[in-house]
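Quantities reported herein were computed from a predicted structural model and do not represent experimental measurements.
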Amino acid sequence: MARLHRVSVYSSILISIYLLVLFEVLPIPLMAAGVTQEILPVIPWWLLVSFGSYSLWSLGWGVFTFRDCPEAYCELLREINEAKNDLRSRTVTVD
């Protein structure tokens with residue numbers, strides 16, 4: 001089963017269970033009904049904020065640990081100069 005199929009199956013199962021509990025079709029044992037009615041509507045927002053903070057942290061960590069690549073920099077400059085020289089040989093003004 002592909003990863004997309006797995007994620008969609010698990011997501012649909014979790015969403016179905018969440019909706020059944022939210023609309024009180026499935027009771028939650030050992031928890032008062034008032035508490036569940038206060039907590040359950042907030043869970044999607046909590047998940048959204050958690051995902052956003054994880055994404056920002058992951059992006060920040062990737063930027064923080066990004067390594068400089070001097071070899072790639074020199075290679076890129078060499079390729080740019082080659083392209084400029086090629087364009088100059090074809091009488092195209094560069095710069």
Item to check | With sequence neighbours excluded, residues passing side-chain hydrogen bond (donor to acceptor under 3.5 Å, both in side chains) with Glu75 | outcome: none

Checklist entry - Okay, side chain of Asp86, backbone of Glu82: is any donor-acceptor separation there less than 3.5 Å? => result no

Next on the checklist: Testing the basics here: between Pro27 and Pro29, what is the closest heavy-atom pair and its distance to 0.1 Å?
Outcome noted: O-CD, 3.6 Å

Next on the checklist: Is there a path of hydrophobic side-chain contacts, each under 4.5 Å between heavy atoms, that joins Phe23 and Val35?
Outcome noted: yes

Checklist outcome for this item: Nearest heavy-atom approach of Met31 to Thr36 is SD-CG2, 3.4 Å

Checklist entry - Which pair of heavy atoms, one from Pro41 and one from Tyr18, lies closest together, and at what distance? => result CA-OH, 3.8 Å

Checklist entry - Parallel, tilted or perpendicular: which describes the rings of Trp57 and Trp61, with under 30° parallel and over 60° perpendicular? => result parallel

Item to check | ILVMFWY cluster, Leu14 and Leu40 together (side-chain gap under 4.5 Å) | outcome: no

Next on the checklist: Let me check something: do Tyr10 and Phe51 share a hydrophobic cluster, defined by ILVMFWY side-chain heavy atoms less than 4.5 Å apart, either directly or through other members?
Outcome noted: no

Next on the checklist: Please check this pair: side chain of Ser58 against backbone of Tyr54, looking for a donor-acceptor N/O pair closer than 3.5 Å.
Outcome noted: no

Checklist entry - Can you list the steps and then say if Asn85 with Arg88 is a side-chain hydrogen bond (donor to acceptor under 3.5 Å, both in side chains)? => result CA-CA 5 Å; Asn85 292 335; Arg88 285 183 188 124; 3.3 Å; yes

Item to check | Residues that, via side-chain heavy atoms closer than 4.5 angstrom, fall in one hydrophobic cluster with Ile80 | outcome: Leu76

Checklist outcome for this item: Here the pair of heavy atoms bringing Leu22 nearest to Gln37 is O-NE2, 3.7 Å

Checklist entry - Do Val21 and Trp46 sit in the same hydrophobic cluster, where Ile, Leu, Val, Met, Phe, Trp and Tyr count as joined when their side-chain heavy atoms come under 4.5 Å apart? => result yes

Item to check | Linked, directly or transitively: Leu19 and Leu48 (ILVMFWY side chains, under 4.5 Å) | outcome: no

